Amino acid sequence: MQREEKQLDAALEALLQRINDLKTSIRTLLFRLENEYASLSWPSFLDSYAVISGQMNTLLKVMKNDKTPLLRNLIVLPLVLSPDPDEELKQATEGRVVAFSHDITPDMLRTKPDPDVEQRQNQFEQRASQVPPETAQKQINALNKVVNHVLEQITHSREDWENEATVRAAAAQTCVTADTHTLIAAVGLGKNLKTLPIAAPAQPGPGRAQAGPAPGKTTSTIKTTIKAASQVHPYNR
C-alpha cells in the first residue's frame with residue numbers, strides 16, 4: 001500500500017509540473033493576443049501554438065505511462081465543506097476558489113460535462129444521425145478535398161520559403177563589413193587619415209637668375225603665410 005501511495009504521489013507531482021508548464025504557455029499566449037495583437041505575426045502565433053501542442057502531448061504521455069496509476073480508479077471525496085474562506089485553497093487555485101462550499105462542490109468534482117453542455121451535445125449528435133449516409137459521405141469528401149488543397153498550398157509555400165532562405169545563405173558576399181565601417185569612420189569622423197606634407201617653394205640654384213617682375217607690373221607686397229606641415233589636420237583626431 002505504501003508503494004502505491006509513493007507511485008501516486010510521484011505521478012501527481014509529474015502531472016502538476018506538466019500542467020503548470022501548459023498553463024504558463026496558455027497564459028502567455030492569451031496575454032500576447034490581448035496586448036500584442038497589432039504586432040503579433042501568424043508564424044509567431046503558430047510557434048506558440050506548437051509549444052502548447054507539444055506540452056499537451058507530453059502530458060498525455062505521462063498519463064499513459066506504465067508507472068502512472070489508473071486515475072479513473074481513484075475516487076475524490078470532499079472531507080470538509082465550509083462557506084468560510086480558505087487561504088490555502090485560494091493560494092492553490094490562484095484565487096479562483098476562495099471556499100470549498102456546497103455551491104461550488106458539484107462543479108469542482110464533476111466527472112461529466114455540465115448538464116446544459118451535455119444536452120446540446122446530444123442535440124448535435126441527433127442531428128448528425130439524421131443525415132443520410134450518402135450525403136454525409138459527400139460532405140466528408142468535399143471537406144477532405146478542401147483540407148488537402150490547403151495542405152498542399154502550405155507545403156509549397158514552406159518549400160519556397162526554405163529554398164529562398166537557402167539561396168540567400170549561399171549568395172556570394174559582395175562587401176566586407178569591416179572595410180565598410182572603416183570607410184564610414186574615415187569620411188564622417190576623419191579617423192585614420194594621414195596628413196600629407198606641403199612641398200616648399202623651389203629656391204633658385206647657383207647661376208640661375210631670379211626672375212624679376214614683368215615689365216609694366218608692380219611687385220605685390222602681400223605675403224602669403226604657409227601653414228607648417230606639422231599642424232594637426234582637423235580630421236586627424
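Bear in mind that the values here come from a model prediction, so they are computed numbers and not experimental data.
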**Q** What's the separation between atom NE2 in His149 and atom CG in Asn144, rounded to the nearest 0.5 Å?
**A**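 Reported value, rounded in 0.5 Å steps: 14.5 Å.
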**Q** For side chain to side chain contact (heavy atoms under 4.5 Å, CB included), just list the numbers for Val97 and Met108, CA-CA rounded to whole Å, side-chain angles, deciding distance to a tenth of an Å, and then say yes or no.
**A** CA-CA 9 Å; Val97 181; Met108 295 299 296; 4.0 Å; yes
**Q** More than 12 heavy atoms of other residues, nucleotides or ligands under 6.0 Å from CZ of Arg127: yes or no?
**A** no
**Q** For a side chain to side chain contact (heavy atoms under 4.5 Å, CB included) check, start with the C-alpha distance between Thr93 and Val98, then their side-chain angles and the critical distance, and finish with the verdict.
**A** CA-CA 8 Å; Thr93 58; Val98 181; over 6 Å; no
**Q** Test your reading of the model: is there a side-chain donor-acceptor pair from Asn65 to the backbone of Lys61, 3.5 Å cut-off?
**A** no
**Q** Do any N or O atoms from the side chain of Thr68 and from the backbone of Val62 form a donor-acceptor pair under 3.5 angstrom?
**A** yes
**Q** For atom CG of Leu30, is the number of surrounding heavy atoms from other residues, nucleotides or ligands below 6.0 Å larger than 12?
**A** yes
**Q** Indicate yes or no: at least one non-hydrogen side-chain atom of Leu29 is less than 4.5 angstrom from one of Val51.
**A** no
**Q** Out of curiosity, Thr24 OG1 to Ile52 CD1, how far, rounded to the nearest 0.5 Å?
**A** 10.5 Å
**Q** Backbone N or O of Val131 within a donor-acceptor pair of the Thr135 side chain at under 3.5 Å?
**A** no
**Q** Taking atom types as modelled and ignoring hydrogens, do the side chains of Asn141 and Gln137 form a donor-acceptor contact shorter than 3.5 angstrom?
**A**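 Yes, a side-chain donor-acceptor pair sits under 3.5 Å.
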**Q** Which atoms form the tightest heavy-atom contact between Pro83 and Ala99, and what is the distance?
**A**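 So the minimum-distance heavy-atom pair works out to O-CB, 3.7 Å.
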**Q** Can you name the residues that form a side chain to side chain contact (heavy atoms under 4.5 Å, CB included) with Asn122, not counting sequence neighbours?
**A** Glu118, Glu125
**Q** I'd like to know whether Asp21 forms a side chain to side chain contact (heavy atoms under 4.5 Å, CB included) with Thr58, so could you lay out the CA-CA distance, the side-chain angles of the two residues, the decisive distance to 0.1 Å, and finally the verdict.
**A** CA-CA 11 Å; Asp21 295 340; Thr58 304; over 6 Å; no
**Q** Test your reading of the model: is there a side-chain donor-acceptor pair from Thr182 to the backbone of Ala178, 3.5 Å cut-off?
**A** yes
**Q** I need the minimum non-hydrogen distance between Pro69 and Gln7, along with the two atoms involved.
**A**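 That closest heavy-atom pairing would be CD-O, 4.2 Å.
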**Q** To the nearest 0.5 Å, tell me how far Lys23 NZ sits from Glu94 CD.
**A**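 Between atom NZ of Lys23 and atom CD of Glu94 there are 3.5 Å.
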**Q** Are Leu81 and Phe100 side-chain neighbours, meaning at least one heavy-atom pair lies under 4.5 Å?
**A**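 Leu81 reaches Phe100 side chain to side chain.
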**Q** CG of Leu74 to CD of Glu4: how many Å apart, nearest 0.5 Å?
**A**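 Here the rounded value is 9.5 Å.
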**Q** Other residues, nucleotides and ligands only: do more than 12 of their heavy atoms fall within 6.0 Å of CD on Gln91?
**A** no
**Q** May I have the step-by-step check of salt bridge (charged side-chain N to carboxylate O under 4.0 Å, His left out) for Arg110 and Asp107, ending in yes or no?
**A** CA-CA 5 Å; Arg110 186 184 301 277; Asp107 294 332; 3.1 Å; yes
**Q** I'd like to know whether Arg3 forms a side chain to side chain contact (heavy atoms under 4.5 Å, CB included) with Lys6, so could you lay out the CA-CA distance, the side-chain angles of the two residues, the decisive distance to 0.1 Å, and finally the verdict.
**A** CA-CA 5 Å; Arg3 181 181 178 183; Lys6 289 183 178 180; 5.7 Å; no
**Q** So that I can tick it off, tell me whether Glu13 and Arg18 are bridged by a salt bridge, with the cut-off set at under 4.0 angstrom between side-chain N and carboxylate O.
**A**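 The answer is no: the pair does not qualify as a salt bridge.
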**Q** Among all residues two or more places apart in sequence or in another chain, which pass the ring-ring contact (aromatic ring centres under 6.0 Å, His included) test with Phe45?
**A** Trp42
**Q** If two hydrophobic side chains count as joined below 4.5 Å and joins carry through other members, does Tyr49 share a cluster with Leu60?
**A**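 The answer is no; the residues belong to distinct hydrophobic clusters.
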**Q** Heavy-atom count around Lys138 NZ within 6.0 Å, excluding the residue itself: above 12?
**A** no
**Q** Grouping I, L, V, M, F, W and Y whenever their side-chain heavy atoms are under 4.5 Å apart, do Val76 and Leu16 come out in a common cluster?
**A** no
**Q** Could you tell me whether the side chain of Ser44 and the main chain of Ser41 form a donor-acceptor pair under 3.5 Å?
**A** no
**Q** Other members of the hydrophobic cluster containing Ile184, with the 4.5 Å side-chain heavy-atom rule, please.
**A** none
**Q** Hey, could you give me the OG/CG distance between Ser53 and Leu22, rounded to the nearest 0.5 Å?
**A**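 Those atoms lie 10.0 Å apart.
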**Q** Would Leu12 and Leu109 show up in the same hydrophobic cluster when neighbours are defined by side-chain heavy atoms closer than 4.5 Å?
**A** no
**Q** If you count the non-hydrogen atoms of other residues, nucleotides and ligands that lie under 6.0 Å from CG in Asn73, is the total more than 12?
**A** yes
**Q** In Å, rounded to the nearest 0.5 Å, how long is the span from CD of Gln55 to CG of Asn20?
**A** 10.5 Å
